[in-house]
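Input: a single structure, listed below in structure tokens.
We count ligands from 1, going down the list as the structure has it; atoms in each ligand are counted the same way.
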Amino acid sequence: MDFQGNVHNRVNQTLIPLSSALFGAKDVNILLGESAEIVNGAHREQLLPANSKERRKVMSDSKFQGPWTTPLHHAGNKFNEVIQSKKGGFADLPAEKIVEMMESNSLDKAPTQSLLSVVNGILDESMERNNGEIPYRVACLLRKVVQEIGLRIVTQAEHLRMQSGLFKAREEKNKSRIQVLEAIAEAACEDSKILTKQLQQMKNEQAITKEKSKSEAQDVFRLMKEEIVFLKQELEVARKTCERRCLQMESKARSAQNHLEERMKEASNLLTESKKRIKELEMITESEVREWNKKEHIYHIFTEFQLGALQDLRLASQSIRQEVVKTQNIYAKEFDHLEGEVHALEDAARNYYDVLAENQKLHNVVQDLRGNIRVHCRIRPFLPEKEEKLSAIEYMGENGELVIINPSKTGKEASRLFKFNKVYGPSSTQDEVFSDIQPLVQSVLDGYNVCIFAYGQTGSGKTYTMMGPYGATEEQCGVNHRALNDLFHISQTRESTFTYEIGVQMVEIYNDQVRDLLSSSSSQKKYPLLLHFFGSRGFTST
Ligand SMILES: Nc1ncnc2c1ncn2[C@@H]1O[C@H](COP(=O)(O)OP(=O)(O)OP(=O)(O)O)[C@@H](O)[C@H]1O
């Protein structure tokens with residue numbers, strides 16, 4: 001539709017300029033009007049320009065007018081009046097009238113028909129007359145009229161030449177227009193060819209599209225067929241499954257029915273049994289009722305006996321109440337006495353706390369006196385696997401003296417004396433070692449800073465002393481366990497007077513690096529702190 005509409009528009013666009021070239025221009029009307037004036041005087045009025053001024057000009061320019069011309073009363077009126085008013089022949093016309101007719105103005109405006117009728121009239125008159133003479137004045141008029149007609153013929157001939165020149169020019173113009181129109185027609189033909197081509201192309205495309213849609217429809221049909229086959233198969237499978245399930249359900253229903261029948265039988269059996277039981281129970285109940293009646297009787301006797309006993313009890317309770325009042329009085333006196341004693345105890349307790357504080361002070365003073373820094377030496381026993389058991393200890397004093405011998409040297413240099421605060425022999429126990437450290441734990445709880453650390457070469461027994469051996473028993477536990485036990489124990493005994501917050505930190509210092517042994521993340525294990533003053537030997541501290 002669009003294509004056809006476009007073609008129609010294009011054809012219209014081509015035709016509109018064509019028609020305007022033929023019929024629309026004003027000059028075409030003028031051209032036709034002027035041609036008609038010359039070729040066919042009958043269409044003069046219709047084809048002359050509509051503008052009245054132009055019309056008048058054309059009319060006045062055209063001096064050759066035939067008898068068909070519409071009478072122009074404004075031109076040559078006098079001439080006509082004279083012709084029409086004349087009686088008899090031209091020879092009879094008075095001289096003034098002929099002069100009046102000969103006035104150039106009058107002749108100019110007279111129609112050519114009138115001029116010709118004057119000439120014919122004069123010629124007829126001369127032929128009618130026997131002598132054939134034409135009076136002089138009439139002959140003058142005749143000459144004048146003939147001259148006028150001759151002039152008009154000359155003018156008309158010129159006019160005709162001009163008109164033919166105009167015609168030629170217009171013909172040229174028309175030829176060029178025809179060429180333009182032919183060119184337009186050719187262009188229109190080219191357009192129509194292109195359009196036809198496009199139409200053909202579109203038809204081809206439409207055919208291809210139709211082919212495509214046909215193949216697609218075939219594909220869809222095939223796919224639908226496959227889908228239907230697949231769905232049929234699935235339906236078949238589903239039907240089979242359904243049948244199988246129905247069969248299973250039926251067998252289940254049958255088994256359930258059998259089961260129910262069995263249950264019904266069991267229930268009926270139970271019912272008969274329970275009926276029997278009810279009968280038995282009724283019999284038992286009857287016998288029990290009898291029993292209960294007997295018992296009621298016995299209870300009745302017993303209650304009466306109890307009432308008697310209760311009476312006795314009431315009497316006894318009254319006497320007891322009197323006793324209790326007496327005892328309460330005695331207790332009140334004793335409470336007064338005890339109150340006095342409690343007051344005395346409170347005073348004593350207050351004194352006790354003072355004494356306790358004093359005692360703590362004295363304890364810490366004693367610790368200070370024993371030395372702020374104490375060095376104890378523990379001698380490790382020989383390890384069982386050691387074969388050579390040659391000891392370097394020559395003497396071990398009770399006040400911390402220790403003499404070490406060096407077999408490779410002689411004389412004074414062979415032995416060396418060391419002085420410690422305390423020396424523990426190879427047979428010393430963990431408890432013995434801790435007994436000297438224990439007072440320091442109490443000092444911690446009194447607000448003193450305490451540090452206990454073990455120092456010695458590898459394998460000298462630091463870990464053993466501080467922690468105990470692997471899987472240690474209570475007896476083998478080292479300083480750490482024992483100190484912590486004491487800390488908790490003493491803090492508990494003091495919980496009425498003190499509140500302690502206890503925290504634990506376990507670090508290892510090894511190769512100048514401090515590590516947090518309780519940290520779970522490996523990145524935080526390493527402390528940024530570097531210790532230079534401990535040297536490079538390993539040790540364990542608490
Ligand atoms: N007093 C002791 N009684 C019995 N065995 C001990 C005693 N002291 C140490 N040992 C034993 O000696 C061995 C080495 O002791 P320990 O591991 O405590 O040494 P260490 O100084 O901690 O060594 P390192 O610096 O290499 O860690 C261990 O088998 C330990 O059981």
Side-chain angles (χ1 to χ4, degrees), residues 370-371 373-408 415-441 444 450-487 504-520 522 524-527 529-542:
R370 286 174 76 184
I373 300 169
R374 286 174 232 166
V375 183
H376 294 187
C377 175
R378 188 179 190 182
I379 297 158
R380 178 173 61 70
F382 284 110
L383 294 175
E385 63 266 22
K386 280 264 180 185
E387 286 178 2
E388 228 181 79
K389 294 184 178 176
L390 184 65
S391 176
I393 311 289
E394 192 182 46
Y395 173 71
M396 207 174 70
E398 282 185 5
N399 295 324
E401 297 93 357
L402 184 69
V403 179
I404 307 287
I405 52 157
N406 189 348
S408 62
S415 62
R416 253 185 106 179
L417 171 68
F418 293 92
K419 183 88 172 89
F420 296 99
N421 290 92
K422 179 96 185 185
V423 177
Y424 304 101
S427 58
S428 60
T429 60
Q430 298 283 63
D431 188 47
E432 220 179 311
V433 174
F434 182 66
S435 64
D436 288 318
I437 300 165
Q438 199 169 18
L440 297 171
V441 179
V444 170
V450 174
C451 172
I452 306 162
F453 73 90
Y455 175 82
Q457 69 185 65
T458 304
S460 58
K462 301 183 290 294
T463 312
Y464 186 93
T465 303
M466 299 306 287
M467 297 298 292
Y470 181 74
T473 58
E474 198 180 335
E475 205 178 310
Q476 291 170 323
C477 273
V479 172
N480 286 347
H481 290 96
R482 287 165 191 271
L484 285 169
N485 273 341
D486 267 26
L487 272 177
V504 176
Q505 201 176 16
M506 190 171 271
V507 294
E508 178 195 64
I509 307 166
Y510 191 75
N511 279 345
D512 292 346
Q513 281 185 347
V514 184
R515 286 173 194 278
D516 185 354
L517 298 179
L518 296 180
S519 170
S520 52
S522 58
Q524 287 177 356
K525 268 191 173 170
K526 212 170 176 183
Y527 271 68
L529 179 67
L530 278 174
L531 294 181
H532 295 291
F533 54 89
F534 283 124
S536 59
R537 279 273 167 222
F539 64 90
T540 312
S541 68
T542 301

Nearest-option assignment for atom 17 (O) of ligand 1, heavy atoms, candidates Leu383, Thr429, Thr463: Thr463
Quick check on contacts: which atoms of ligand 1 are under 4.0 angstrom from a heavy atom of Pro381? 1 (N), 2 (C), 3 (N), 4 (C), 7 (C)
Is the shortest side-chain heavy-atom distance between Ile404 and Phe418 below 4.5 Å? yes
Is it the case that ligand 1 has an N or O less than 3.5 angstrom from some N or O of Gly461? yes
Side-chain donor-acceptor pair present, Thr465, Arg378, cut-off under 3.5 Å: yes
Is there a donor-acceptor contact under 3.5 Å from the side chain of Lys419 to the main chain of Asn399? yes
With distance as the sole criterion, is a donor-acceptor pair present between the side chains of Thr429 and Asp431 under 3.5 Å? no
Is the shortest distance from a heavy atom of Ser460 to ligand 1 less than 4.0 Å? yes
Checking heavy-atom distances from atom 21 (O) of ligand 1 to each of Met466, Lys462, Glu385, Arg380, the winner is Lys462
Proximal atoms of ligand 1 relative to Gln457 (non-hydrogen, under 4.0 Å): 21 (O)
With heavy atoms of Arg378 as the reference, note each atom of ligand 1 found under 4.0 Å away. 1 (N)
Hey, does Gly459 come in under 3.5 Å of ligand 1, counting only N/O atoms on both sides? yes
Applying side-chain contact (heavy atoms from CB on, under 4.5 Å), can you list everything that pairs with Asp436, at least two apart in sequence or on another chain? Arg370, His376, Lys422, Tyr424
Is atom CD of Glu474 surrounded by more than 12 heavy atoms (other residues, nucleotides or ligands) closer than 6.0 Å? no
